[in-house]
Amino acid sequence: MIVYPAIDLRAGVCVRLMHGRFDQVTEYDADPAARLAAFVGAGATWVHIVDLDGAEAGRAVQHALIGALATGSTARIQSGGGVRTVEDVERLLEAGVTRVVVGSLAVTQPEAVAGWLARFGPERLTLAFDVRVGEDGVPTPSLKGWTEAAGLDLWAALDRYPAGTLNHVLITDVGRDGALTGPNLDLLGEARRRRPDLKIQASGGVSSLDDLVAARAIGCDGAIVGRAIYEGRFTARQAIEACA
């Protein structure tokens, strides 16, 4: 399983949000290039970089910085935030990003995103589904900074992308993101059962090496890890070695 150490950028520095809320921000690192180099030095082959300013604004904000980080590193970069147009995808790929993350549009504009997958290839895009799990156990994608619920559940959203058209999916349980409460293994396991064709990345709540081992055991292809590393629960090297 691939460990994707996370760098969330806001105003050019590394931060983490609690439950995706921009009013609950913790700043960790003023030098994202040094943080990226440290992750590579620890053995990371992939790093997950998010333009939080872009995600909040609904447009590309820090893509120039992300491009500079990508071209200055040997790691492959998976990046998103503020991706709203095919031109945004093109610019990130041309800047050196290996795989572009597409979020809300994967739910709200599936025909357009399917076209991007066909154009760039399923290895160049990751579709990110941020979901809230209701009391009935149904996972529903959250939109517009996690403030609105989509009009369909996660499974219906995934059904819009038939096997063979999509490879990489990132699934975040919004209620666990940044909270260090452990990933939603039931949700991830159900996604794996329903869509064995997909390479699923676990996101949200990873707090221990045991969480990573459990995600690998249910068939996850990758895991995004942020706050647990920044707050010393374990190191990036320990995470990578645990999942090797």
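Side chains of R192 and I218 form no contact here, defined as non-hydrogen atoms less than 4.5 Å apart. In this structure, the side chains of V131 and N184 stay at 4.5 Å or more apart for every pair of heavy atoms. R10 is listed as a side-chain neighbour of D53, based on a closest heavy-atom distance under 4.5 Å. Counting only heavy atoms from C-beta outward, the side chains of Y161 and V169 never approach each other to under 4.5 Å. Side-chain atoms of V83 and L105, non-hydrogen and from C-beta on, never get closer than 4.5 Å to each other. Side-chain contact between E111 and R160 is absent, with no heavy-atom pair separated by less than 4.5 Å.
Contact detail for P122 and T165: the closest heavy-atom pair is CB-O, 3.8 Å. The nearest pair of heavy atoms linking T235 to I229 is C-CG1, 4.5 Å. Of all non-hydrogen atoms in A6 and G226, the two that sit nearest each other are CB-CA, 4.1 Å. Here the closest heavy-atom approach between residue G205 and residue D211 is recorded as O-OD2, 4.0 Å. Of all heavy-atom pairs between L154 and P141, the closest is N-CD, 3.7 Å. Nearest heavy-atom pair across A202 and C220 is CB-SG, 4.1 Å.
Hydrophobic clustering, with ILVMFWY side chains joined whenever heavy atoms are under 4.5 angstrom apart, groups L152 together with L158. Hydrophobic clustering keeps L52 apart from V101 (ILVMFWY residues linked when any side-chain heavy atoms are closer than 4.5 Å, directly or through intermediates). Both V86 and V102 belong to a common hydrophobic cluster when Ile, Leu, Val, Met, Phe, Trp and Tyr are linked at side-chain heavy-atom distances under 4.5 angstrom. Cluster annotation: W155 is connected to V113 through the hydrophobic network of ILVMFWY side chains, with a link wherever side-chain heavy atoms come within less than 4.5 Å. Put simply, V138 and V133 are part of two different groups of oily side chains (I, L, V, M, F, W, Y) that touch within less than 4.5 Å, one to the next.
The backbone N or O of W116 sits nowhere less than 3.5 Å from a side-chain atom of R124 that would complete a donor-acceptor pair. Side-chain N or O atoms of Q78 include none that pairs as donor or acceptor with a backbone N or O of T126 at under 3.5 Å. Using modelled atom types, one side-chain atom of R216 and one backbone atom of A242 make a donor-acceptor pair closer than 3.5 Å. With hydrogens and angles disregarded, no donor-acceptor distance shorter than 3.5 Å links the side chain of S73 to the backbone of L69. Distance alone, capped at 3.5 Å, is enough to place a donor-acceptor pair between the H63 side chain and the G81 backbone.
Remark: R194 CZ to D159 CG distance equals 8.0 Å, nearest 0.5 Å. One distance of note links OG1 of T172 with CZ of F129; it measures 11.0 Å at 0.5 Å rounding. For the atom pair CG of D31 and CG of L36, the computed distance is 10.0 Å after rounding to the nearest 0.5 Å. Annotation: the span from L117 atom CG to N167 atom CG amounts to 8.5 Å, rounded to 0.5 Å. Distance check: D173 CG to R132 CZ gives 9.0 Å after rounding to the nearest 0.5 Å. Going from atom NE2 of H48 over to atom CD1 of I2 covers 13.0 Å, rounded to the nearest 0.5 Å.
Salt bridge absent: R91 and E94 never bring a charged side-chain N and a carboxylate O closer than 4.0 Å.
Checked against side chain to side chain donor-acceptor pair (under 3.5 Å), T85 has the following partners two or more places apart in sequence or in another chain: E87, D88. With sequence neighbours excluded, the residues forming a salt bridge (Lys or Arg N to Asp or Glu O under 4.0 Å) with R119 are E90, listed by chain and number. Partners of D197 under the salt bridge (Lys or Arg N to Asp or Glu O under 4.0 Å) rule, at least two apart in sequence or in another chain, are R195.
Relative ring orientation between Y4 and W46 is described as tilted, the plane-to-plane angle lying within the 30° to 60° band.
Remark: of the listed residues V97, I77, D51, I49, V97 is the sole one forming a side chain to side chain contact (heavy atoms under 4.5 Å, CB included) with L92.
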